[in-house]
K.L.:
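For reference, the structure I am asking about is given below.
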Amino acid sequence: MDVRRDGRSGGFRHGCTVFGRKRKGAHYAMTTWKRTHTCGEINAALSDETVVVNGWVNRRRDLGGLIFVDLRDRWGVVQVVFSPEVFSAEEFAAAETLRSEFVVSVEGIVAQRPEGQVNPAMATGEVEIYARRLCILSQAQTPPFHLDRPLDVDETLRLKYRYLDLRRSDLQRALRIRHETVQYVRDFLNQNQFLEIETPMLTKSTPEGARDYLVPSRVHKGKFFALPQSPQMFKQLLMIGGFERYYQIVRCFRDEDLRADRQPEFTQVDLEMSFVDADDVMNLMEQMMRGLMKQILDVDVPDPFPKMDYHEAMNRFGSDRPDTRFGMELRDLTEQLAASEFKVFSSTAAKGGVIKGINAKGCGAEYSRREIDSLVEKAVGWGAKGLVWMNIADEIKSPTAKFLNSDEIDSVVQSLEGEKGDLLLLVADTFETACDVLGRMRLFLAETLNAVPQNRYDLLWVVDWPLLEWDGDSKRYAAAHHPFTAPKDEDVELLGSRPGEVRAKAYDLVLNGVELGGGSVRINNTKLQEQMFRTLGFSAAAAREQFGFFLDAFQYGTPPHAGIALGLDRMIMLLAGQASIRDVMAFPKTASAVDLMVDAPNAISKAQWDDLGLTSAAKERKR
RNA sequence: GGAGCCGUGGUGUAGUUGGUUAACACGCCGGCCUGUCACGCCGGAGAUCGCGGGUUCGAGUCCCGUCGGCUCCGCCA
């Protein structure tokens, strides 16, 4: 480390090294390094005023006899000029030691920049601070990656030095949006008579759902707490407890594999209301989201939000969280192709399956045979038995065409509004598979074709979800939402006979194809709750063991209640225009659930193992 | 659990079919420079090519394994 990074002699005042010209009278003493203004608020109105700013050296331009430093704090960047006209030679030398990320205090005089020197790219570009005194509060090593230009750095490095990454403007912005969002949500719910109430982090492991993060108990060796996957039961108990309106901005934990929009710990806006129905919850959330979108993005979203039932979402978009920002909707072609000579179509239809198609606009002309083949491969990878394609050129090019008569081809082209240059893609399968595969194809093509409009925010509700879904592995029904979700009144009687057809009083909020969150009306009737557990394959004893306290609580007067939980991280990801929730969290983990900065999880000492009464079956890994 | 992509000075990348001194930009260090704002000019230092093994006369390059990151599938009531 050379002399410049070791600090150097100079006046030492108030815990910092001060360089500056001695001046007569009251002006001399830099009585404090404390700021009078933030960098971002320096403007022409402060011309000729003496200010003190604190911050980091963003960039330094040393012209030899004149040094410019862009000083950065949370509020902005301002240009500081060090000139020998103000500094002595010795003091000027101190300014020459400044490097990126040094933390300094500068006292100086605000001045309009000279003619022709205004920087319109800078918010404070009309002015600069003529430094009169410099105080180096902290020197800095050269950071391991650039902080002052668009991001182009390996994420491993960013995560290891997260505290440096956080200085970058887009993370500063994202976390500010996060704060504003949380403030808005709190304010809104407070005004609507909600009480913020905390629930335990150390709680009970329950079956179903995600894997729990477990915390061993020292006092009760061999027993474990679980970190909450969500405060679901607690919030319902708060309704039984008479609070009527509860909310919490709460951390949730799920030990499952990660994605760009999934972290092991994440934050929910969790709320629950008594004496309400589904529409009350949805209306309130619409109001909240509308205000939030207006405040954060100055975007107006429709009133009311569109509602789409689950079946329609699957049927038209092939997804339970449809991205409605673009068309390319799925069409059902079963009727016109059921009697086809082509066995794939006719037998699928005969077995109760469907034939569905989408129009990849313009792809017929664009795509090579090889690229089309790769689409087929994708479709098969997603679970389709195959993908029928028709390339509309001067004539229809398709390996399947010879099995179809011209009426059938015409009707397919017509249904999909095919024009010359288009590529039509068809899947014949069960309803679920055909919709799912084409839904994925739709998203893939839209992204590839850049067909997704930006700066558009499509919010909608997906309602009337199936209450239960068949789990092929365990050969039983599982709760599609969670086991406390109420079935629709008109479907209750199906619970015993055809559980798969029962629809739930559940609703999911979807924004631009991302599931922001979901909720439901809860069961508030013990008999129905017990029937639900039976349907889910819980014996009476098992239900008692796992949920006894909950079933007991229901015996003492349970109000009708409903609620919702919104994924705060995803919401902010979309509001901030980021592609990953890691970019809206201060300290996220990698895709393998590791914190590279603190190096967690880590090994624990022998004494800790012993204290907890635990031994590890995992083999020691070489470090 | 599975698949794909990536890993080369501090950072971002280049590196033909294996071949001699691993290239470029930024950053860093030194020098010069009084109106820059991606300051400029001159010079310099800096790389066990993620790690281990193999093939070969010879590996950044080919093969196998492994570690790490990202994305996706499964999973995520």
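Lettering follows sequence order; numbering is per chain, from 1. For the numbers below, each heavy atom of this structure counts, side chains included, while hydrogens, waters and symmetry mates do not.
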K.L.:
Would you call the rings of Phe547(A) and Phe533(A) parallel, tilted or perpendicular, where under 30° means parallel and over 60° means perpendicular?
P.N.:
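Parallel: the ring planes of Phe547(A) and Phe533(A) meet at under 30°.
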K.L.:
Around Arg158(A), counting heavy atoms of other residues, nucleotides and ligands shown, do more than 12 lie under 6.0 Å from its CZ?
P.N.:
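More than 12 heavy atoms, drawn from other residues, nucleotides or ligands, come within 6.0 Å of this atom.
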K.L.:
Can you name the one residue among Ile42(A), Asp70(A), Leu98(A), Leu71(A) that meets side-chain contact (heavy atoms from CB on, under 4.5 Å) with Val80(A)?
P.N.:
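Only match with Val80(A) under side-chain contact (heavy atoms from CB on, under 4.5 Å): Leu71(A).
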K.L.:
Taking the side chain as every heavy atom from C-beta outward, state whether Thr124(A) and Cys39(A) have any pair of such atoms under 4.5 Å apart.
P.N.:
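SC-SC contact between Thr124(A) and Cys39(A) ruled out.
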K.L.:
Name each donor-acceptor pair under 3.5 Å that joins a side chain in residues 500-509 of chain A to protein atoms two or more places apart or in another chain, with its distance.
P.N.:
unit_1: Glu501(A); atom_1: OE1; unit_2: Arg498(A); atom_2: NH1; d: 3.3
unit_1: Arg503(A); atom_1: NE; unit_2: Asp491(A); atom_2: OD2; d: 2.8
unit_1: Arg503(A); atom_1: NH2; unit_2: Asp491(A); atom_2: OD1; d: 3.4
unit_1: Lys505(A); atom_1: NZ; unit_2: Asp489(A); atom_2: OD1; d: 3.0
unit_1: Tyr507(A); atom_1: OH; unit_2: Ser520(A); atom_2: N; d: 3.4
unit_1: Tyr507(A); atom_1: OH; unit_2: Ser520(A); atom_2: O; d: 3.3
unit_1: Tyr507(A); atom_1: OH; unit_2: Gly563(A); atom_2: O; d: 2.8

K.L.:
Considering Watson-Crick and G-U wobble pairs with both distances under 3.5 Å, what does G4(B) pair with?
P.N.:
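Per the H-bond distance test, C70(B).
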K.L.:
Please report the distance, rounded to the nearest Å, between CZ in Phe82(A) and C1' in G35(B).
P.N.:
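Answer to the nearest Å: 15 Å.
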K.L.:
Please state whether the phosphate of C72(B), meaning OP1 or OP2, lies under 4.0 angstrom from any side-chain nitrogen or oxygen of Arg440(A).
P.N.:
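Checking C72(B) against Arg440(A), no side-chain N or O comes under 4.0 Å of OP1 or OP2.
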K.L.:
Tell me whether the side-chain N/O atoms of Gln117(A) come closer than 4.0 Å to OP1 or OP2 in C37(B).
P.N.:
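So the side chain of Gln117(A) is outside the cut-off, no N or O lying under 4.0 Å from OP1 or OP2 of C37(B).
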K.L.:
Taking atom CZ of Arg211(A) as the centre, report whether more than 12 heavy atoms of other residues, nucleotides or ligands fall under 6.0 Å from it.
P.N.:
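No, because the 6.0 Å sphere around CZ of Arg211(A) holds 12 heavy atoms or fewer from other groups.
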K.L.:
Atom CG of Asp70(A) and atom C1' of A38(B): how far apart are they, to the nearest Å?
P.N.:
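It is 11 Å, rounded to the nearest whole Å.
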K.L.:
Lys160(A): what forms a side-chain contact (heavy atoms from CB on, under 4.5 Å) with it, not counting sequence neighbours?
P.N.:
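Testing Lys160(A) for side-chain contact (heavy atoms from CB on, under 4.5 Å), a comparison that skips the adjacent residues, returns none.
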K.L.:
Let me know the distance between CE of Met441(A) and P of C72(B), rounded to the nearest Å.
P.N.:
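About 17 Å, once rounded to whole Å.
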K.L.:
Hey, could you give me each pair passing side-chain hydrogen bond (donor to acceptor under 3.5 Å, both in side chains) that has a residue in residues 532-548 of chain A? Not counting sequence neighbours.
P.N.:
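Counting only pairs at least two positions apart or across chains, the side-chain hydrogen bond (donor to acceptor under 3.5 Å, both in side chains) contacts touching residues 532-548 of chain A are Arg544(A)-Asp552(A).
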K.L.:
May I ask you to verify if any side-chain N or O of Thr590(A) is less than 4.0 angstrom from the OP1 or OP2 atom of G69(B)?
P.N.:
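Checking G69(B) against Thr590(A), a side-chain N or O does come within under 4.0 Å of OP1 or OP2.
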K.L.:
Between G74(B), G35(B), G69(B), spot the one nearest the side chain of Asp257(A), thanks.
P.N.:
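Nearest nucleotide to the side chain: G74(B).
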K.L.:
Does a side-chain N or O from Arg60(A) land closer than 4.0 Å to OP1 or OP2 of G27(B), or not?
P.N.:
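No, Arg60(A) has no side-chain N/O under 4.0 Å of OP1/OP2 on G27(B).
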K.L.:
Could you write out each protein N or O paired with an N or O of nucleotides 11-14 of chain B at a distance under 3.5 Å?
P.N.:
unit_1: G12(B); atom_1: OP1; unit_2: Asp154(A); atom_2: N; d: 2.7
unit_1: G12(B); atom_1: O2'; unit_2: Asp152(A); atom_2: OD2; d: 2.9

K.L.:
What I want to check is whether an N or O donor and acceptor connect the side chain of Tyr130(A) with the base of G35(B) at under 3.5 Å.
P.N.:
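Between G35(B) and Tyr130(A), which were checked side chain against base, a qualifying N/O pair under 3.5 Å is present.
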K.L.:
Are the charged groups of Arg251(A) and Glu265(A) less than 4.0 angstrom apart, N to O?
P.N.:
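Glu265(A) and Arg251(A): salt-bridged.
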K.L.:
Please list, chain by chain and in numerical order, all residues satisfying salt bridge (Lys or Arg N to Asp or Glu O under 4.0 Å) with Arg476(A), sequence neighbours excluded.
P.N.:
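With sequence neighbours excluded, Arg476(A) shows a salt bridge (Lys or Arg N to Asp or Glu O under 4.0 Å) to Glu208(A), given in chain and number order.
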K.L.:
Tell me the interatomic distance from Asn58(A), atom CG, to A38(B), atom C1', rounded to whole angstroms.
P.N.:
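Rounding to the nearest Å, CG of Asn58(A) and C1' of A38(B) are 12 Å apart.
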K.L.:
Is any side-chain nitrogen or oxygen of Arg61(A) closer than 4.0 Å to OP1 or OP2 of U36(B)?
P.N.:
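Indeed not, no polar side-chain atom of Arg61(A) lies that close.
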K.L.:
Quick check on G35(B): is either OP1 or OP2 less than 4.0 Å from any side-chain nitrogen or oxygen of Ser83(A)?
P.N.:
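Indeed not, no polar side-chain atom of Ser83(A) lies that close.
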K.L.:
Whom does C26(B) pair with, Watson-Crick or G-U wobble, provided both distances fall under 3.5 Å?
P.N.:
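With both distances under 3.5 Å, C26(B) matches G10(B).
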K.L.:
Please list, by residue number, the residues of residues 259-266 of chain A whose heavy atoms come closer than 4.0 Å to an atom of RNA chain B; answer none if no residue qualifies.
P.N.:
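Output list: Arg259(A), Ala260(A), Arg262(A).
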K.L.:
Tell me what Gln232(A) touches on the nucleic acid: a base, only sugar-phosphate, or nothing, going by heavy atoms under 4.0 Å.
P.N.:
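Answer is base: heavy atoms of Gln232(A) come under 4.0 Å of a base.
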K.L.:
Rounding to an integer number of Å, can you tell me how far Met122(A) CE sits from U36(B) P?
P.N.:
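Checked: the CE to P distance equals 14 Å.
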K.L.:
For G53(B) versus U16(B), give the span between their C1' atoms, rounded off to a whole number of Å.
P.N.:
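It comes out at 27 Å once rounded to the nearest Å.
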K.L.:
In terms of side-chain heavy atoms of Leu63(A), which of C29(B), C75(B), G35(B) is nearest?
P.N.:
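Nearest listed nucleotide: G35(B).
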K.L.:
Atom CG of Asp62(A) and atom C1' of G30(B): how far apart are they, to the nearest Å?
P.N.:
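Whole-Å distance recorded here is 13 Å.
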K.L.:
Roughly, in whole Å, what's the span from CZ in Arg59(A) to C1' in C28(B)?
P.N.:
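Interatomic distance, CZ of Arg59(A) to C1' of C28(B): 14 Å.
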